[in-house]
Colleague: 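This structure is in structure tokens; I'll ask about it shortly.
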There are 4 protein chains.
Amino acid sequence: MPKQKKQLSTDHQALVDKGVVNAPDSAKGRLLQAAATLFKEKGYERTTVRDLGKAVGIQSGSLFHHYPNKEAILRAVMEETIILNTELMKAALAQTNKPEDKILALIRCELESVLGETGAAMTVLVYEWRSLKEESQLEILKLRDIYENLWIGTLIEAKEAGSVVIDPAVLRRLLTGALSWTVNWYRKEGDLTVEQLAQMALSLAIKPN
Amino acid sequence: MPKQKKQLSTDHQALVDKGVVNAPDSAKGRLLQAAATLFKEKGYERTTVRDLGKAVGIQSGSLFHHYPNKEAILRAVMEETIILNTELMKAALAQTNKPEDKILALIRCELESVLGETGAAMTVLVYEWRSLKEESQLEILKLRDIYENLWIGTLIEAKEAGSVVIDPAVLRRLLTGALSWTVNWYRKEGDLTVEQLAQMALSLAIKPN
Amino acid sequence: MPKQKKQLSTDHQALVDKGVVNAPDSAKGRLLQAAATLFKEKGYERTTVRDLGKAVGIQSGSLFHHYPNKEAILRAVMEETIILNTELMKAALAQTNKPEDKILALIRCELESVLGETGAAMTVLVYEWRSLKEESQLEILKLRDIYENLWIGTLIEAKEAGSVVIDPAVLRRLLTGALSWTVNWYRKEGDLTVEQLAQMALSLAIKPN
Amino acid sequence: MPKQKKQLSTDHQALVDKGVVNAPDSAKGRLLQAAATLFKEKGYERTTVRDLGKAVGIQSGSLFHHYPNKEAILRAVMEETIILNTELMKAALAQTNKPEDKILALIRCELESVLGETGAAMTVLVYEWRSLKEESQLEILKLRDIYENLWIGTLIEAKEAGSVVIDPAVLRRLLTGALSWTVNWYRKEGDLTVEQLAQMALSLAIKPN
DNA sequence: CATGAATGAGCATTCATTCAT
DNA sequence: GATGAATGAATGCTCATTCAT
């Protein structure tokens with residue numbers, strides 16, 4: 001398959017090259033994409049391994065050559081999306097300077113991750129948490145912490161600069177809820193652009209100077 | 001049973017008396033409470049009717065004397081909590097006048113519903129939506145609309161009064177996410193009181209005059 | 001309930017008076033009638049005690065004040081209908097003399113029992129035999145033998161008189177099948193009267209002199 | 001498996017080769033045979049899928065790899081037996097000429113189907129009709145019509161030839177009952193051969209010339 | 001006698017997982 | 001790697017029967 005259907009972002013391609021995440025057009029990559037979509041739509045429990053097999057064109061039994069069990073597929077979906085979005089966020093932060101710009105970049109990134117390509121996987125991350133066994137939860141939590149530290153660091157900077165007034169930890173949590181919930185109501189076809197939405201979210205988070 | 005274990009709020013008791021919701025110490029009421037807790041902790045799919053039976057001290061088969069099937073239990077959990085919280089919110093609104101006070105009252109109510117007694121049921125309402133069959137979803141949606149109209153009406157008032165600057169519909173949705181997400185991080189035992197949290201949420205929502 | 005909806009035949013009333021069968025308008029009688037109808041329509045296994053209760057306007061639990069278990073109801077349906085039809089047949093035989101007339105009387109009686117008032121019960125007798133426990137089967141078999149002896153005796157007479165040519169035992173069995181099967185195709189509303197049908201059946205059974 | 005346990009008739013084997021019916025020694029074939037036997041002995045409702053599984057040496061859950069549900073097994077039992085017996089009857093008719101011989105051939109075939117290898121399945125066809133859902137009933141009815149038309153056509157011929165005197169439709173129905181009922185009393189071990197029985201049945205049906 | 005809540009064993013069906021081919 | 005038949009434990013639900021009221 002020499003031709004790629006869709007051009008990956010430079011950062012995404014770099015992660016594929018490093019072997020950190022699966023190429024979206026590889027067998028595993030397509031499985032994870034299909035799993036994310038099905039898990040989002042029907043829920044993890046209601047999605048059968050037969051559903052997963054059918055979605056990628058193999059028998060359900062063959063899935064177990066790629067992943068040892070169904071839960072491992074859920075975990076991989078979550079891991080890959082956190083890793084990818086952490087990297088995308090790092091790249092976005094690297095191109096900004098002022099605290100307010102940084103916060104806007106983070107909001108944009110998070111909205112993009114929730115409402116764009118990785119949206120299904122991000123939704124799964126939020127809604128199917130309980131379906132992971134504890135051990136897997138701890139593993140994901142480590143990755144989540146790296147991601148969250150990018151946020152917290154930025155908000156603390158902004159607090160020191162005076163553009164954030166409330167406790168950064170609380171603010172981050174309120175924003176987490178506000179932004180992740182968009183998956184339940186935001187429609188790309190509507191009047192509101194993601195950029196406008198990002199600006200609105202920013203206006204809640206900071207006190208204009 | 002002349003003594004009640006726990007004193008219900010006046011509004012709650014009134015709903016029980018009207019037969020709108022089940023008394024929390026009745027057989028059905030205890031079932032719904034247990035169901036909410038289990039559904040929140042393990043998820044609807046992973047909660048078996050045997051789990052439910054055990055939680056209220058009856059055989060699983062006996063559940064079907066009270067509800068025709070498992071989904072009906074989920075639906076009842078959702079319906080009762082919406083109805084109850086709508087009434088509590090109406091009562092709270094009735095005691096305020098200024099738009100800002102009204103918004104604070106709504107935030108308080110919603111936080112209380114998410115973090116207090118009905119917290120488990122509210123979480124179920126958010127996380128188990130997909131497990132309802134479409135027919136039930138429509139039924140709950142009607143109740144949800146009544147609830148949401150209390151919010152939207154108040155935010156529109158506030159916009160006209162100048163204390164809200166962004167589109168009320170978008171603001172409500174951002175707040176919905178921010179407030180419902182608190183269930184995932186807020187701990188009553190911590191330093192932050194619900195009242196403080198409500199104030200912080202209010203500070204995001206409105207522009208101080 | 002001083003007025004009877006339907007006048008019973010003299011023979012039927014006599015059996016009621018003797019306490020051999022239940023009066024059709026008594027509580028037990030109505031239950032048996034309803035049971036026969038339901039067992040015929042849905043089958044014994046698919047008929048629940050709740051169905052039976054609803055059909056006579058009581059709770060399913062109350063049935064067990066009248067009969068010790070569901071199977072006893074089935075057995076009573078069968079017993080009463082055999083006893084009743086045996087008596088009706090005896091009465092019919094008593095009014096005939098010639099072997100051919102006797103056979104016609106028996107055919108008429110059997111068709112009437114299958115296609116008339118007791119039709120549901122007779123069908124149950126044929127189709128739900130396996131649902132009886134062995135002990136009950138033996139009990140019914142005794143009653144069945146009395147009934148069958150009326151037939152066999154008459155056919156032997158006819159054989160001796162020359163109007164029947166094949167073995168009476170085999171003939172009776174072929175007739176049993178032919179007549180009981182009518183429940184599956186004969187319609188009172190159609191062109192064929194029961195009397196015509198009886199004549200046709202007779203024409204198969206005997207060799208005209 | 002180069003050796004067959006039992007030699008199939010040429011006609012039966014031809015149907016297996018065409019894929020119309022399952023080979024009796026295939027997995028599905030053995031299941032259907034076992035199902036017919038159990039359904040006949042205990043009734044469809046009283047036969048559990050565990051019974052069926054045990055009878056063919058697999059777990060009950062594995063049945064659902066072959067048939068989507070229990071009712072489909074019942075339906076397959078009925079369908080296969082009608083198809084098979086229709087073909088056997090066609091073959092028998094093809095070897096006869098005179099109306100009386102044809103009727104005897106039909107009677108022989110039907111007795112053989114009821115009392116021979118497919119006897120259990122034929123009994124199920126008669127006794128478990130109500131356990132099919134309406135849709136399946138209609139499907140079987142189509143097959144039944146093909147079978148019945150062989151009978152009716154032959155009886156009409158015979159009526160025209162003068163050897164049948166009563167209405168062919170009524171005669172067929174009386175014969176259906178008489179012949180299918182044999183399953184309830186005829187024993188191969190007894191004195192009466194199937195051939196003798198067939199001759200007796202023929203003597204009822206026709207008026208000797 | 002009647003009620004109706006509760007029982008508890010049993011049912012058909014589902015489904016992640018295994019494994020011989 | 002892939003297949004697909006088989007497993008076996010678990011699931012939601014049914015239902016005849018019991019029994020305190």
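Computed from a predicted model, the values in this text were never measured in an experiment. Convention: sequence-line order gives letters A, B, ...; per-chain numbering from 1.
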Colleague: Report the residue (A/Phe64 or C/Ser60) whose heavy-atom-nearest nucleotide on DNA chain E is the more 5′ of the two.
Modeller: C/Ser60

Colleague: Do D/Arg50 and E/dG10 have a side chain to base donor-acceptor pair shorter than 3.5 Å?
Modeller: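 In this structure, the two groups form no donor-acceptor pair.
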
Colleague: To the nearest Å, how far apart are D/Lys28 NZ and F/dG4 C1'?
Modeller: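 Checked: the NZ to C1' distance equals 14 Å.
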
Colleague: Does a salt bridge link A/Arg130 with B/Glu128, judged by any charged N lying under 4.0 Å from a carboxylate O?
Modeller: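 Salt bridge present between A/Arg130 and B/Glu128.
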
Colleague: Contact class for A/Ser62 vs. all strands (heavy atom < 4.0 Å): base, sugar-phosphate, or nothing?
Modeller: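 Base contact.
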
Colleague: Could you say whether D/His66 or C/Pro68 is positioned toward the 5' end of DNA chain F, judged by the nucleotide with the nearest heavy atom to each?
Modeller: D/His66

Colleague: Do A/Trp129 and A/Leu132 come close enough that some side-chain heavy atom pair is under 4.5 Å?
Modeller: yes

Colleague: Looking only at the side chain of B/Thr48 (C-beta and beyond, no hydrogens), which of the listed nucleotides E/dT13, F/dG12, F/dC13 gets closest?
Modeller: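 The answer is F/dG12, which lies nearest to the side chain.
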
Colleague: Please confirm whether the shortest side-chain N or O distance from B/His65 to OP1 or OP2 of E/dT7 is below 4.0 Å.
Modeller: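 Negative; the distance criterion is not met.
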
Colleague: Round to the nearest Å and state the distance from D/Leu31 atom CG to F/dA6 atom C1'.
Modeller: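 The distance from CG of D/Leu31 to C1' of F/dA6 comes to 14 Å, rounded to the nearest Å.
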
Colleague: I would like to know whether D/Arg75 and D/Glu71 meet salt bridge (charged side-chain N to carboxylate O under 4.0 Å, His left out); could you show each step before the answer?
Modeller: CA-CA 6 Å; D/Arg75 178 172 159 173; D/Glu71 197 249 11; 5.5 Å; no

Colleague: Tell me the interatomic distance from A/Lys54, atom NZ, to E/dA16, atom P, rounded to whole angstroms.
Modeller: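 Atom NZ in A/Lys54 sits about 13 Å away from atom P in E/dA16.
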
Colleague: Test salt bridge (charged side-chain N to carboxylate O under 4.0 Å, His left out) on A/Asp25 and A/Arg30 and set out the steps.
Modeller: CA-CA 6 Å; A/Asp25 57 339; A/Arg30 275 182 302 118; over 6 Å; no

Colleague: So which one's nearest nucleotide on DNA chain E is more toward 5', C/Gly57 or D/Gly61?
Modeller: C/Gly57

Colleague: Need to verify one output field. Residue with the more 5' nearest nucleotide on DNA chain F, C/Glu71 or B/Val49?
Modeller: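 Counting from the 5' end, the first nearest nucleotide belongs to B/Val49.
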
Colleague: Rounded to the nearest angstrom, tell me the gap between atom CG in B/Leu63 and atom C1' in E/dA6.
Modeller: 11 Å

Colleague: Please state whether the phosphate of E/dA2, meaning OP1 or OP2, lies under 4.0 angstrom from any side-chain nitrogen or oxygen of C/Gln59.
Modeller: no

Colleague: Taking any strand in view, what nucleotide pairs with F/dT17 in a Watson-Crick or G-U wobble way, both distances under 3.5 Å?
Modeller: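 F/dT17 is paired, partner E/dA6.
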
Colleague: Heavy-atom distance under 4.5 Å between the side chains of A/Phe39 and A/Leu74, does that happen here?
Modeller: yes

Colleague: How many whole angstroms separate atom CG of D/Leu74 from atom P of E/dT13?
Modeller: 12 Å

Colleague: Rounded to whole Å, please give me the gap between CG in A/Asp51 and P in E/dT17.
Modeller: 14 Å

Colleague: Just the rounded figure in Å: distance from P of E/dA16 to CG of A/Leu38.
Modeller: 12 Å

Colleague: Between atom OH in D/Tyr67 and atom P in E/dA12, what is the gap in whole Å?
Modeller: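 In whole Å, E/dA12 P lies 17 Å from D/Tyr67 OH.
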
